[in-house]
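Everything on this sheet refers to the single structure shown next.
As the structure is a computational prediction, the values presented were derived from the model and not from experiment.
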Amino acid sequence: MSSAPASLIAAPSPPPPAPVRRSESSASWRLTDRIGLGFAWLLGLLFCAIAVAIVGYFLVEGLRYLRPNLLVTNPAASVSESQTGGFLDPLLGTVIIAAMAMAIALPTGIAIAVWLSEFGRPAALARVAESGIEMLAGTPSVVLALFGTLLFEAPALGFLSQTNHGIVLGQSFFAAAAMLSLVALPMVVATVREGLQAIPSHVREASYAVGKTKIATTRRVLLPAARPSVITGAMLGVGRVIGDTAIVLLLLGGTLTFSSATSTPLLGTLRGTGDTLTGYIYYNAPTGDGNQPSKAYAAAFVLMLIVLTLNVGVDFAVRRSRAGGWN
Amino acid sequence: MDDDILLEEEQGWSQDQRAEYMLGALVCVVVALLLAMLIFVFHEAWPSFAHNGFAWFGAGGSVDSQIQAIFTSGDLKEAAVYTFHAWPLIWSTILTTGAAVVIAFVSSLFVAVFIVEFAPVRLRRVLEPVVRLLASVPSVIYGLVGVLVLVPFIGNHLVTQHEKASVTPIIQLSGSSVLAAVLILTVMIAPIMIAVFAEGLRAVPRGWLEGSLALGVNRWRTFWKVAVRTARPVLVAGTVLATARALGEAVMLSMVSGGVGFAPNPADGLIFLFEPSRPLAATIISNTEQLSSPPMKHTLYAIAAVLLFSAAMLSLIGWAAKQPMKRYGVVA
């Protein structure tokens with residue numbers, strides 16, 4: 001793996017850092033240079049302080065308000081704090097929505113990445129696809145959410161959500177997951193593609209030389225070799241999906257608890273509305289309808305733990321891909 | 001035997017062909033979907049633009065009462081009202097995004113330089129994962145910090161009673177303000193910039209720096225003049241990424257920026273920092289319940305179209321800015 005510009009993923013640099021001479025002192029430097037260096041130290045330490053403050057604040061507040069029973073009871077609308085319950089359904093909702101969105105985004109993303117990196121034959125289509133994915137990465141999720149509300153209100157897509165007297169509600173797990181998969185897609189494509197391109201061409205040639213077809217090479221050689229990238233891309237995608245609020249509010253309904261569309265156990269739930277942790281936090285923030293900061297803190301703490309776990313997972317996957325290099 | 005191999009090869013060839021077509025078809029479907037989305041959003045937005053013309057982007061009247069009028073005109077079965085002058089919302093977006101990006105750019109550049117070159121090794125090892133963690137914290141959590149810590153602090157300590165009294169007839173200064181929005185937005189997008197910048201600075205060939213050091217140029221000047229300059233395409237890329245994030249941020253800003261369609265005027269003095277406003281993206285979030293009214297729907301889609309257009313322009317600018325620099329710089 002040479003220097004893969006995996007901006008948000010990658011850990012330390014491939015070229016070994018040159019030994020730094022500690023003896024050099026900045027005392028002899030020009031004043032402007034010393035001011036610059038001082039400024040860099042100042043801002044670096046300020047950044048550390050802000051990071052510690054945010055993480056520490058949530059750790060303290062979260063541990064203060066998090067009770068085990070919050071994790072196993074369902075939210076209920078009430079004025080008194082003791083009766084509003086916990087956030088079991090939003091927590092499950094986060095898991096369900098992440099799984100569903102990735103079930104769409106991961107295969108699609110891998111397929112697009114494989115096509116872009118291994119085939120990409122009509123060059124015009126490749127360029128259009130590339131810039132399309134890039135544009136999708138820059139699209140605000142609230143725009144995707146707004147698009148989704150009209151899309152899933154179409155009568156033809158009524159089977160994906162609730163229908164009331166012929167009017168399609170357009171809010172369901174299916175709708176939210178479909179739009180959230182678009183949020184995760186650019187992440188998956190970029191990461192997997194980078195992983196595929198980092199595989200040296202002699203690996204492909206060796207596989208062709210023993211008579212493997214291109215698609216067999218991709219399936220049996222390239223994708224297994226790029227597995228750490230696939231895992232990284234998936235985790236980054238999950239991170240984006242569970243952190244999104246706009247799509248959850250507009251397309252999942254933000255109804256605190258699951259409300260099934262029909263009595264069919266699983267399908268009914270997925271066609272019905274629900275909530276996720278982000279929606280729950282939004283609801284319980286002072287600007288939301290619930291306004292119970294202690295619940296919001298506890299939910300934010302759990303969400304932070306999930307994000308932290310994903311980050312550690314990405315680090316682990318990146319380190320493994322570094323260890324098993326081709327050189 | 002030979003025939004078998006030939007046959008297999010033939011099959012393999014057609015298999016390849018088929019796989020290529022299938023993958024290509026999938027790519028076509030995704031591209032078509034994106035195009036459809038683009039067309040759909042602009043099509044839905046058209047009535048609002050058509051009724052207002054360029055006045056859509058101009059100032060005039062109170063945005064909030066215009067939104068109210070648009071919404072109610074959809075319910076009472078009379079002629080739909082479309083009059084909408086979005087300047088306060090656009091100005092709020094420009095103000096918060098612009099200020100946050102400028103502050104974040106300067107400080108991220110210094111922090112990235114610090115992390116890559118000057119931080120002690122032990123600190124660097126801690127900082128790198130922390131940057132990535134902060135870059136992946138959901139925006140609603142930043143919003144929660146803002147609304148529970150920063151907004152009350154500004155409202156209770158920074159804004160004086162005198163200032164509150166001076167603007168009472170027009171707006172209330174509760175702490176939800178441009179200042180809170182800019183600060184939280186800066187903290188939110190800075191980690192993204194730092195991560196991208198640091199990656200680019202690290203990719204600068206070590207030999208170039210050593211060449212400069214060997215000429216007797218000190219470490220700071222070397223890094224500033226060689227590495228930062230070489231990494232310019234990456235700086236552009238990171239800034240574009242972060243700006244797109246700031247531009248599309250809806251939930252966090254709807255929590256801390258005050259939710260009033262008001263255009264804070266810097267000419268009023270520093271008090272404009274404490275005045276509430278509402279950016280474009282947050283407007284969509286706070287009016288989603290009114291989508292049932294057709295004129296309101298078109299208006300919201302018009303806002304979405306403006307956001308989409310700005311995001312597309314942004315990535316175009318980023319692409320264009322990188323072209324002449326690619327020849328010298330490291331590959332972004």
Side-chain angles (χ1 to χ4, degrees), chain A residues 3 5 7-8 10-11 13 15 18 24 29 33 36-37 39-41 43-44 47-48 50-51 54 108 111-112 114-115 119 125 128-129 132 134-136 138-143 146-147 149 213-215 239 243 245-246 249-250 278 281-282 285-287 293 296 300 303-304 307-308 311 315, chain B residues 12 15-16 19-20 23-24 26-27 30-31 34 37 40-41 107 110-111 113-114 118-119 128-130 132-138 140-141 144-145 147-148 187 195-196 199 202-203 206 210 218-221 244 247-248 250-251 255 281 284-285 288 291 300-301 304 307-308 311-312 314-315:
Chain A
S3 61
S7 41
L8 295 177
S13 57
E24 187 189 353
W29 297 5
D33 295 1
L37 182 63
F39 208 53
W41 267 95
L43 284 171
F47 180 77
C48 296
I50 291 175
I54 292 179
T108 319
I112 293 177
V114 164
W115 186 81
F119 299 95
L125 180 60
V128 170
E134 197 169 308
M135 198 201 75
L136 186 60
T139 304
S141 72
V142 66
V143 173
L146 202 58
F147 171 63
T149 49
T213 60
K214 207 165 183 176
I215 192 70
T245 319
L249 289 178
L250 265 72
T278 51
I281 295 171
Y282 185 75
T287 44
L303 189 58
M304 282 277 262
V307 170
L308 191 68
N311 261 278
D315 269 5
Chain B
Q15 238 177 33
D16 256 13
E20 180 171 357
L23 290 175
L26 184 74
V27 172
V30 172
V31 168
L34 293 181
M37 183 179 87
F40 183 80
V41 168
S107 39
F110 275 96
V111 173
V113 167
F114 177 72
F118 295 99
E128 276 166 353
V130 166
R132 262 171 289 137
L133 175 68
L134 285 188
S136 56
V137 169
V140 70
I141 291 189
L144 193 65
V145 178
V147 82
L148 285 172
V187 171
V196 179
E199 183 72 24
R202 233 179 260 127
R206 203 70 214 175
E210 277 161 14
N218 69 39
R219 265 173 82 208
W220 173 261
R221 192 150 280 234
L247 197 68
V251 169
M255 287 165 92
I284 300 182
I285 280 286
T288 47
L291 265 174
L300 288 184
Y301 266 88
L307 285 176
L308 206 54
L314 210 58
S315 63

Exercise for review: Would you mind checking which part of A:L136 comes under 4.5 Å of any heavy atom in chain B, side chain (CB onward), backbone (N, CA, C, O), both or neither?
Suggested key: side chain
Check your understanding: Which atoms form the tightest heavy-atom contact between A:A51 and B:L134, and what is the distance?
Key -> CB-CD1, 3.7 Å
Revision key, fill the gap. The interface call for B:V113 against chain A, heavy-atom contacts under 4.5 Å, is neither
**Study point:** Option that, when pairs with chain B are counted at under 4.5 Å, heavy atom only, ranks first among A:V143, A:I50, A:T139
**Key:** A:V143
Practice item. Under 4.5 Å, counting heavy-atom pairs only, tell me which of B:I285, B:V145, B:L300 racks up the most with chain A. Key: B:I285
**Study point:** Selection from A:L37, A:T287, A:V307 maximising heavy-atom pairs under 4.5 Å formed with chain B
**Key:** A:L37
Revision key, fill the gap. The interface call for B:T288 against chain A, heavy-atom contacts under 4.5 Å, is side chain
Practice item. Sort A:L125 into side chain, backbone, both or neither according to what part of it lies under 4.5 angstrom from a heavy atom of chain B. Key: side chain
**Study point:** Proximal component of B:L133, with respect to chain A [non-hydrogen, under 4.5 Å]
**Key:** both
Review point. So, B:F118 versus A:W41, ring centres under 6.0 angstrom or not?
Key: no
Practice item. In plain terms, say whether B:D16 and A:K214 are close enough for a salt bridge, that is, a side-chain N and a carboxylate O under 4.0 Å apart. Key: no
Practice item. Please state whether the side chain, the backbone, both or neither of B:A281 comes within less than 4.5 Å of a heavy atom of chain A. Key: both
Check your understanding: Closest approach of B:G248 and A:V142, non-hydrogen atoms and distance?
Key -> O-CG1, 4.3 Å
Exercise for review: Would you name the heavy atoms of A:A40 and B:W220 that are closest together and state the gap between them?
Suggested key: CB-CZ3, 3.8 Å
Revision key, fill the gap. With chain A, the option among B:A304, B:A312, B:S315 that has the most non-hydrogen atom pairs under 4.5 Å is B:A304
Study note, to complete from the structure: Under 4.5 Å to a heavy atom of chain B? For A:N311 that would be side chain
Practice item. Against chain A, work out which of B:V111, B:L23, B:I284 has the most heavy-atom pairs shorter than 4.5 Å and name it. Key: B:L23
Review point. Between A:F147 and chain B, which part of the residue has a heavy atom less than 4.5 Å away: side chain, backbone, both or neither?
Key: both
Review point. Of the listed residues (B:A250, B:S136, B:A19), which shares the most heavy-atom pairs with chain A below a 4.5 Å separation?
Key: B:S136
Review point. Is any side-chain heavy atom of B:F40 less than 4.5 Å from a side-chain heavy atom of B:Y301?
Key: yes
Review point. Checking B:L144 against chain A: side chain, backbone, both or neither under 4.5 Å from a heavy atom?
Key: side chain
Practice item. Output the option from B:L148, B:V30, B:L247, B:L26 having the highest count of non-hydrogen pairs under 4.5 Å with chain A. Key: B:L148
Check your understanding: Checking heavy atoms, do the side chain of A:I112, its backbone, both or neither come under 4.5 Å from chain B?
Key -> both
**Study point:** Part of A:T108 lying under 4.5 Å from any heavy atom of chain B
**Key:** both
Review point. What's the spacing between A:D33 CG and B:N218 CG if we round to 0.5 Å?
Key: 4.5 Å
**Study point:** Salt-bridge contact A:D315-B:R132 (side-chain N to carboxylate O under 4.0 Å)
**Key:** yes
Practice item. Look up atom CG in A:L308 and atom CG in A:L303, then write down how far apart they are to the nearest 0.5 Å. Key: 11.5 Å
Review point. Considering residues at least two apart in sequence or located in another chain, which fulfil the side chain to side chain donor-acceptor pair (under 3.5 Å) criterion with A:T245?
Key: none
Study note, to complete from the structure: So CE of A:M135 and CE of B:M37: to nearest 0.5 Å the spacing works out to 5.0 Å
